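Every chain is numbered from 1, with letters handed out A, B, ... down the list of sequences. Since the structure is predicted, the reported quantities are computational estimates derived from the model, not experimental observations.
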2 protein chains.
Amino acid sequence: MSETLFDDTRGPLLDPLFANGWSMVEGRDAIEKHFKFKNFADAFGWMTRAAIWSEKWDHHPEWFNVYNKVHVILTTHSIDGLSALDAKLARKLDSL
Amino acid sequence: MSETLFDDTRGPLLDPLFANGWSMVEGRDAIEKHFKFKNFADAFGWMTRAAIWSEKWDHHPEWFNVYNKVHVILTTHSIDGLSALDAKLARKLDSL
C-alpha cells in the first residue's frame, strides 16, 4: 500500500525532481513535466518504454501526447496524493 | 495537402462518426471520443496500434490516457480544422 509523502520525506524525494524540470500541479498533490522529442515516433517510442515500466510497477501516469510532446502528471490515485512510487516513476521517466 | 471539409462533404464524412460516439469539440473545428478499455495494458496496446497507423498516414491525434481510458481529439493542425484525414483516422481508431 502506498503512503502519502510526509514533510520529512517530501524534500529528499521531490527536490531532485524539481531540479530536473518537474513541478507541482496547481491545486493538486501531483507533479508534472513537459517532455519534448524530435518527432512522433520518438515521443511514442518513449511512451511505450514508460508504459512497460508503469505496468510492471502497477503505477500509471496521466499523460497527454500531441505529435512530439508529452505532458506527464504523476500522483497516486489510491491515496489522492503523492507517494514514493510517483518519485520512483518520475526518476525512471527521466532516465529513459 | 489536406483540405478543410466544406458543407457538402462534412455530413457524409462526419455523420457516421457522430452516430458512433464521436462529437464536436466545443470551440474548435475538431472531433473527440472517449475510449474505455479493460485495463492499462489493453488501453496502451490499442494506442500502440493507433500510433502505427497515425505515423504511417502522418496524421497524429491529440490524446490523453489515464489507466484504462483514452480521450482522443482529432483535427488537422496544418489547416486548423477538420479534413478528410481526420475522418479516415477516426474510422481506423473505431476499427482497431
Side-chain angles (χ1 to χ4, degrees), chain A residues 1-2 22 25-83 85-86 88-90 92-93 96, chain B residues 1-2 22 25-83 85-86 88-90 92-93 96:
Chain A
M1 180 64 191
S2 302
W22 292 87
V25 176
E26 202 179 315
R28 295 180 62 185
D29 193 26
I31 53 175
E32 66 181 339
K33 185 172 177 177
H34 293 267
F35 293 85
K36 197 172 173 180
F37 301 88
K38 202 175 64 181
N39 52 40
F40 177 75
D42 277 13
F44 200 82
W46 176 84
M47 289 176 74
T48 303
R49 286 178 287 147
I52 289 168
W53 284 100
S54 296
E55 183 64 14
K56 182 181 169 82
W57 291 342
D58 195 21
H59 193 63
H60 306 90
E62 304 173 23
W63 49 3
F64 175 81
N65 160 244
V66 56
Y67 195 59
N68 64 334
K69 295 178 192 143
V70 186
H71 176 212
V72 179
I73 294 178
L74 300 179
T75 193
T76 301
H77 295 104
S78 60
I79 59 166
D80 197 25
L82 286 165
S83 75
L85 255 179
D86 296 303
K88 183 180 172 187
L89 184 55
K92 176 56 74 180
L93 296 184
L96 290 176
Chain B
M1 180 68 192
S2 301
W22 293 86
V25 176
E26 203 178 313
R28 294 180 64 186
D29 192 28
I31 53 173
E32 67 182 338
K33 185 171 176 176
H34 293 267
F35 293 86
K36 195 171 175 184
F37 301 89
K38 203 174 64 181
N39 51 39
F40 177 75
D42 277 13
F44 199 82
W46 177 85
M47 288 176 75
T48 303
R49 285 178 287 146
I52 290 168
W53 283 99
S54 296
E55 183 64 13
K56 181 180 169 85
W57 290 342
D58 195 22
H59 193 63
H60 306 91
E62 303 174 23
W63 47 3
F64 175 83
N65 160 244
V66 55
Y67 195 58
N68 64 334
K69 292 177 194 145
V70 186
H71 177 210
V72 178
I73 293 177
L74 300 179
T75 192
T76 302
H77 296 103
S78 60
I79 58 167
D80 196 24
L82 287 166
S83 74
L85 256 178
D86 297 302
K88 184 181 172 185
L89 184 56
K92 176 57 73 178
L93 296 183
L96 290 176

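Legend: residues meeting side chain to side chain contact (heavy atoms under 4.5 Å, CB included) with B:Asp42, ordered by chain and number and at least two apart, are B:Phe37, B:Lys38, B:Asn39.
Distance check, rounded to the nearest 0.5 Å: OH of B:Tyr67 to CD of A:Glu55 gives 6.5 Å.
Contact of B:His71 with chain A is not made at all, since no heavy-atom distance falls under 4.5 Å.
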Start with the C-alpha gap between A:Met47 and B:Asn65, add the side-chain angles, then the distance that decides, and say whether side chain to side chain contact (heavy atoms under 4.5 Å, CB included) holds. CA-CA 11 Å; A:Met47 289 176 74; B:Asn65 160 244; over 6 Å; no
| task | Show your working on side chain to side chain contact (heavy atoms under 4.5 Å, CB included) between A:Thr48 and B:Phe44 and close with a plain yes or no. | result | CA-CA 8 Å; A:Thr48 303; B:Phe44 199 82; 3.7 Å; yes
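Heavy-atom minimum distance, A:Ala51 versus B:Phe40: O-CE2, 3.5 Å.
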